[in-house]
Amino acid sequence: MTVDSQGTASAAPQDAPGRAAGKSQTPPSPSGSKEVLQPSRGRRSLPSGLLPYLLVAPALLSMAVLLLYPLIRNVMLSFQQLNRKEFITRETVWIGVDNYTDLLSDSQFWTVVVRSVVFTAVNVALIMAIGTGVGLLLNRLGKKMRLVLSLSLMLAWAMPIIASVTVFRWLFDEQFGVVNWLMRTLGFSGYEQHNWFETGFSTLVIILILLVWGSVPFVALNMYAALTTVGSELYEAAKMDGASGWRTFWSVVFPNLKSFFMITTFLEIIWIFKAFAQVYAMNQGGPDRGSETLPVFAYIEGVGQFHYGVAAAISVLTIVMLIAVMSFYFRLILKQEEEL
Amino acid sequence: MSTTTETPQKLRTRKPLTAGVIAKNLTALVLAVVFVFPVYWMFSSSLKPQHEIMTKDPVFVFTPTFENYTTATGVDLFWTYVQNSLAVTLGAVLLALLVALAASFAIARMKFKGRKGIVLVVMLAQMAPWEVMVIAMYMISRENDMLNSIPMLTLIYFVMVLPFTIWTLRGFIAAVPVELEEAAQIDGCTRGQAFRKVIFPLLAPGLMSTSLFGFITAWNEFAMVLMLNKDRESQTLTRWLTEFQTAFGSDWGATMAASTLFSLPVLIVFLFLQRKAVGGMTAGAVKG
């Protein structure tokens, strides 16, 4: 999960950007002399035989049992009629693609799909823009200020998701929330007892703020780490050529960190699109199911409404959408893998 | 080097307060405040006496009290939640490290048929939409009498963090020069010994940062435990966090105290490890 960003949550693969950063600056080979002796590849082709298979077997086996099997079961469930009755009596009723046709002709489903896609797009755009900006700023700050800013970014990053959702609900509390106080102090009227969770839209805005707040540190700190691998000579050269800030960014920074941007963007898309805890814990998808995104929609249809079969179909469709988006990401990484 | 080229450079780096420098630092300061505020507000609210939490205008100066912490930790089953959380998290992370170490070593260092396929599988698994699979997980657990089971939850968390652990460790192992391993083998170590004595110590930062991210994931997990472990005795601290919000109103002081306690291990470990982990990564990258 959900190492999801902050954390799980999602937590947070440092891996990909780290690798990207490493790659951009490290040309080949550990040591030159070695290269001459052993012109093959970095990886040793050892007298392996069965050994590598034995080493990867536990990992593959556990993924097959605990990940692949549930996934297959999930697909099977999506072809069954599985409501409260069948759930309790443990009957298996096959109904073919009915769950899918019902869903695809249901306007509520499409509302949620559009909402999820727009929500993800806006979120990721904001995260990438702000994260990049903060990363660039970190790179140009003095030592002390940089420490202050990165420390506060780290605190936000490390905050567990559920705790941060709880804190945001407290910040935006109707009666005693500090945000209402701040709005009043800034001179906006009407924030006496403003209910921020009154509509699905405003709830989603709060979730958006939470997600941006929690995800920007990951992008910014990794961006900063990646920037330090871009030689400062390049900046100097650009400056001497009289390039403006924008120009420097687009012609020096961006091309150098292209793979960093690609990978981070895709990771964020995936994390935000399947974010569950943030959306569900904030307001249970409410009010009136107005803040449901696809994963939450599946959960509420299933667990809340006892439509387990339909929920399984929703999750299959969610997975299909994710795979469509991810295929691009995979190609990117596989290409890197070849260059390894 | 001549001083004439040196001087302008020096002047440039310690340029005194121009408008640009002020704007830069001011932006950084505002950003720092914005990012840290929720954390600060959580912590400060947790120390406020009840009557200073329930005010329309927030109190910024107050005499700290631990009454919220007493309430938060005084709930039924608190220690059960702590035990369960620790058991599933540590169990999952340790298991994942063990299994991942073997797999990532093979992927990073050995050439074998199907290696690329395995890399692809690990990548795919890393993207697994766990939250949407809760229903299937529920059915499987029910069929096998594994509902409300701590071992089942541990296994699920283990597979949740496994792909990421393999992926990251592989990067760290690849960053250790093969020459070191070979040298050890020339000196008479077996392959296993070379791994234990040479590579393993160098992997310390990698192991720490991967286990940190695994820890956060498992510690945070929400959807699975919500669905699979409905018995209160088998729930984790995430359940405890919501305990102070009832239909009759919320005890925000206790909620914030609970959130603070819940975040504390992660915050401490994160701040402690962050530098080492990042340092290890850059070191790895430089070493190539």
Side-chain angles (χ1 to χ4, degrees), chain A residues 1 3 7-13 15 18-19 22 26 30 43-45 48 52 55-56 58-59 62-63 66-67 70 73-74 77 137 141 145 148-149 152-156 158-163 166-167 170 176 178 181 270 274 276-277 295 298 302 308 311-312 315 318-319 322 326 337, chain B residues 25 28 31-32 35-36 38-39 41-42 54 57-58 99 102-103 105-106 109-112 118-119 123 125 127-133 135-137 140 155 159-160 162 164 166-168 171 177-179 213 216-217 219-220 222-223 238 241 252 255 259 262-263 266-267 270 274 281 285 288:
Chain A
M1 143 161 153
V3 182
T8 167
S10 307
D15 55 338
R19 283 180 44 70
T26 321
R43 214 172 349 268
R44 282 297 158 278
S45 50
S48 23
L55 289 176
V56 294
S62 32
M63 285 195 277
L66 286 154
L67 182 56
R73 279 298 297 269
N74 195 56
L77 290 176
L137 180 67
L141 283 174
M145 210 49 186
V148 170
L149 182 53
S152 82
L153 288 172
M154 267 178 222
L155 282 168
M159 182 107 134
I161 292 171
I162 295 298
T166 320
V167 172
W170 169 227
F176 311 121
V178 72
W181 168 81
I270 286 149
K274 63 177 196 165
F276 174 80
Y308 299 97
S315 61
T318 310
I319 294 168
L322 270 175
M326 282 186 304
E337 194 64 22
Chain B
N25 283 302
L31 281 169
F35 276 96
V36 94
V39 185
W41 200 243
M42 164 182 82
M54 308 303 221
D57 296 307
V99 173
F105 185 72
R109 281 287 201 261
M110 297 174 182
K111 223 179 214 170
F112 56 97
I118 290 167
V119 172
M123 256 160 46
M127 299 298 144
W130 283 97
E131 281 86 2
V132 301
M133 286 167 23
I135 289 152
M137 274 297 181
I140 295 167
L155 282 177
V159 176
M160 273 185 193
L162 180 65
F164 165 73
I166 297 177
W167 192 249
T168 320
V178 193
E179 288 73 19
F213 288 116
I216 295 178
T217 310
W219 189 251
N220 250 318
F222 176 71
T238 48
L241 280 183
W252 282 112
T255 306
S259 303
F262 185 75
S263 315
V266 182
L267 290 181
F270 197 93
Q274 178 62 19
M281 258 174 203

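In what follows, every chain begins at residue 1, and chains take the letters A, B, ... in the order their sequences are listed.
In this view, A:Ala59 and B:Val99, B:Ala103, B:Leu162, B:Ile166 satisfy the side chain to side chain contact (heavy atoms under 4.5 Å, CB included) rule, not counting sequence neighbours. Considering only residues two or more places apart in sequence or on other chains, A:Phe176 meets the ring pair (Phe, Tyr, Trp, His ring centres under 6.0 Å) condition with none of them.
The distance from the CE atom of B:Met133 to the CG atom of A:Leu66 is 9.5 Å, given to the nearest 0.5 Å. With rounding to the nearest 0.5 angstrom, the CZ atom of B:Phe35 is 8.0 Å from the CG atom of A:Leu149. Summarising the geometry, atom CE belonging to A:Met159 is positioned 10.5 Å from atom CG belonging to B:Asn220; distances are rounded to the nearest 0.5 Å.
Interface residue B:Phe262: backbone and side-chain heavy atoms are both found under 4.5 Å from chain A. For A:Leu155, the parts lying near chain B are the backbone and the side chain together; criterion is any non-hydrogen pair under 4.5 Å. Heavy atoms of A:Ile270 lying under 4.5 Å from chain B belong exclusively to its side chain. When heavy atoms are compared at a cutoff of 4.5 Å, A:Ile162 approaches chain B by way of both its backbone and its side chain. With a threshold of 4.5 angstrom between heavy atoms, B:Leu31 approaches chain A through its backbone and through its side chain. Of the two parts of A:Leu137, only the side chain, counted from C-beta on, holds a non-hydrogen atom closer than 4.5 Å to a non-hydrogen atom of chain B.
Contacts with chain A were tallied for B:Ala125, B:Pro129, B:Pro58; B:Pro58 has the most, counting heavy-atom pairs under 4.5 Å. Of the listed residues (B:Val39, B:Val36, B:Ile140, B:Val266), the one with the most heavy-atom contacts under 4.5 Å to chain A is B:Ile140. Of the listed residues (B:Thr255, B:Ile135, B:Thr238), the one with the most heavy-atom contacts under 4.5 Å to chain A is B:Ile135. Across A:Ser62, A:Ala298, A:Ala311, the residue that shares the most heavy-atom pairs under 4.5 angstrom with chain B is A:Ser62. Counting heavy-atom pairs closer than 4.5 Å to chain B, the top residue among A:Thr318, A:Leu77, A:Leu67 is A:Leu67.
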Go through the steps to decide whether B:Phe222 and A:Ile161 satisfy the test side chain to side chain contact (heavy atoms under 4.5 Å, CB included), and finish with yes or no. CA-CA 9 Å; B:Phe222 176 71; A:Ile161 292 171; over 6 Å; no
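The shortest heavy-atom contact between A:Leu55 and B:Met110 is CD1-CE, 3.8 Å. Of all non-hydrogen atoms in B:Leu267 and A:Ala158, the two that sit nearest each other are CD2-CB, 3.6 Å.
In this structure, the side chains of A:Thr166 and B:Met42 stay at 4.5 Å or more apart for every pair of heavy atoms.
Put simply, the side chain of A:Lys274 gets close to the backbone of B:Ala128: a donor and an acceptor are under 3.5 Å apart.
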